Amino acid sequence: MGWTKFQALIAVVLVFTGSLNTLSTKWADRMEAEGSDGKSRKFNHPFVQAVSMFIGEMLCFLAFKCLFFYYFRKHDGSHDEMKILKGNRSFNPFLLLPPAMCDMVATSVMYIGLTLTYASSFQMLRGAVIVFVGILTTIFLHRRLCLREWMGIFLVICGLALVGVSDLFAPSTVELTNIHVKSSNHSTGQIILGDLLIIGAQVIAATQMVLEEKFVSGLDIPALQAVGWEGIFGFSILGLLLIPFYFIYVPAPFSDNPRNVLEDALEAFVQMGNNPWLICAIIGTVLSIAFFNFAGVTVTKEISATTRMVLDSIRTLFIYIVSLSLGWQSFYWLQILGFILLVFGMGVYNNLFAGLGQRLPRWRNRDATHSDTDTLISHPADEPEPRPGVNA
């Protein structure tokens, strides 16, 4: 059965906003603006960008509440029938605090890594979460992975290795000087450090998913509401942490600001004031993450989690194509091969190809007890059910 117009629209929104989120964040990283000391510097403020992402997640909570009250006022029970609103809406929100803390740390570390490497690599390397989810669920949830899942993990590791190698041979070259984007060629050391930070952040992201599966999944919390609460926790705590970060001195390349501190939020606002395009990039991050989470929840509810994984792979390819078009990096065939292995590995892990062999004719030796129709029987496969969180 084909998709409805609404399902097709929400799929496009998922791919577009998910791509825009990564691209707008990287766009901000590449731009330069005059700081408080009168010098022009890159916008190296990963923690401020992480806070803006949590603002986007908080908007999901606002959207959830608006939808709930709109349908609740109809007094026809529709607020209990809508898939997005359906579930346990009365729960202790502090159950979501540990996953939110993991989300906060993982996002901040990934954004630091993004300042040091390429946008497409950032998106591809996030596929490493499958590896760590598989390992952590085996250790802490005592789940035995089947051969298919181990094979998927192996393919993902091979894809990650190729992406990492390609980063060392594909330096970024061109600029967008008309909007104050200067040369941002990354050194080999920066690329390696950035990639390692992104992969390391996936360990924390996988921990978040294991915590959600162990303590949250059985509560039947509406996904949009859960995302909203995690946004509230992340924004509140990381926003407060910006105060001590203002006084913590760190070496380069983690302190590209006049005071050489971990995060200078005031300097970020000064640079945004001197370069309005930075404000556009931050707004793009906020709005894109809000619509991306909404679209992701809707796709999972309306179609399937497997479809969301496929669309997320399309998003990665879209980011890569845009990065090449803008000259943010050069083409290198190893990265394409790594991307193919990553996508194939995720598909194998999530059982995306279940039943493929059964849908094809089975050529086998016929005997007297089997008719021609027996050899072509195809049994429909059940809808594959990916593990929670492996498509982030």
Side-chain angles (χ1 to χ4, degrees), residues 14-16 18-30 46 106 109-132 151-176 181 183-203 205-206 253 309-350 352-353 390-392:
L14 176 69
V15 173
F16 176 76
S19 303
L20 180 62
N21 178 251
T22 299
L23 292 171
S24 61
T25 304
K26 186 59 181 178
W27 181 31
D29 291 341
R30 293 174 60 87
V109 173
M110 281 191 290
Y111 278 1
I112 294 173
L114 181 57
T115 64
L116 303 173
T117 189
Y118 309 111
S120 61
S121 300
F122 167 83
Q123 195 62 43
M124 292 181 192
L125 292 174
R126 293 179 70 177
V129 72
I130 284 182
V131 177
F132 301 115
M151 179 61 69
I153 289 176
F154 173 76
L155 291 172
V156 167
I157 292 175
C158 292
L160 292 172
L162 289 177
V163 171
V165 171
S166 70
D167 282 350
L168 303 181
F169 294 94
S172 147
T173 52
V174 304
E175 326 304 334
L176 296 177
V181 177
S183 176
S184 61
N185 294 331
H186 301 292
S187 67
T188 301
Q190 287 180 328
I191 293 172
I192 294 174
L193 179 59
D195 288 353
L196 289 176
L197 286 173
I198 294 169
I199 293 176
Q202 303 317 303
V203 179
M309 189 212 74
V310 174
L311 293 174
D312 201 65
S313 300
I314 296 174
R315 172 169 70 118
T316 304
L317 182 61
F318 185 78
I319 292 170
Y320 181 66
I321 292 173
V322 172
S323 296
L324 288 176
S325 302
L326 295 177
W328 289 2
Q329 66 184 87
S330 301
F331 174 82
Y332 198 65
W333 64 272
L334 269 182
Q335 193 167 45
I336 294 294
L337 182 57
F339 172 71
I340 293 173
L341 281 176
L342 275 172
V343 173
F344 188 71
M346 288 187 288
V348 171
Y349 183 90
N350 286 306
L352 182 62
F353 309 111
V390 295
N391 307 316

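Computed from a predicted model, the values in this text were never measured in an experiment. The figures here come from the full heavy-atom set of this structure, side chains too, leaving out hydrogens, waters and symmetry mates.
The nearest pair of heavy atoms linking L341 to C158 is CD1-CB, 4.0 Å. Scanning all heavy atoms of the two residues, the minimum distance from L334 to S166 falls at CB-CB, 3.9 Å. Annotation for I336 and F331: closest pair CG1-CE1, 3.6 Å, computed over non-hydrogen atoms. The nearest pair of heavy atoms linking S323 to A119 is OG-CB, 3.9 Å. Residues I319 and G18 share a closest heavy-atom pair of CD1-O, 4.5 Å. Nearest heavy-atom pair across A128 and L160 is CB-CD1, 3.4 Å.
Just one of R126, Q329, Q335 meets the side chain to side chain donor-acceptor pair (under 3.5 Å) condition when paired with S121; it is Q335. For the side-chain contact (heavy atoms from CB on, under 4.5 Å) with V131, the lone residue among V156, V203, I199 that qualifies is V156.
In this structure F344 satisfies the side chain to side chain contact (heavy atoms under 4.5 Å, CB included) test together with L155, V348, F353, sequence neighbours excluded. With sequence neighbours left out, the side chain to side chain contact (heavy atoms under 4.5 Å, CB included) criterion links L317 to I321, F339.
You'll find the side chain of R30 reaches within 4.5 Å of the side chain of W328, heavy atoms only. Looking at heavy atoms from C-beta onward, D312 lies in side-chain contact with Q123 at the 4.5 angstrom threshold. S120 places none of its side-chain heavy atoms less than 4.5 Å from the side chain of T22. A 4.5 Å side-chain heavy-atom check between Y320 and Y118 finds every atom pair outside the cut-off. Residues Y111 and D29 have side chains not in contact (no heavy-atom distance under 4.5 Å, counting atoms from C-beta outward). No side-chain heavy atom of R315 sits under 4.5 Å from any side-chain heavy atom of L14.
The CG atom of L116 sits 5.5 Å away from atom CG of L193, with the distance rounded to the nearest 0.5 Å. Atom CG of L342 is separated from atom OG1 of T316 by 8.5 Å, given to the nearest 0.5 angstrom. Atoms CG and CG, on L125 and L114 in that order, are 11.0 Å from each other to the nearest 0.5 Å. With values rounded to the nearest 0.5 angstrom, L196 atom CG is found 12.0 Å from I191 atom CD1. Between the CG atom of L23 and the CZ atom of F122 there is a distance of 10.5 Å, given to the nearest 0.5 Å. Taking OG1 of T115 as the start and CD of Q190 as the end, the distance is 8.0 Å to the nearest 0.5 Å.
Remark: F132 CZ is packed, more than 12 non-hydrogen atoms of other residues, nucleotides or ligands lying under 6.0 Å away.
A donor-acceptor contact shorter than 3.5 Å is absent between the side chain of T117 and the backbone of G113.
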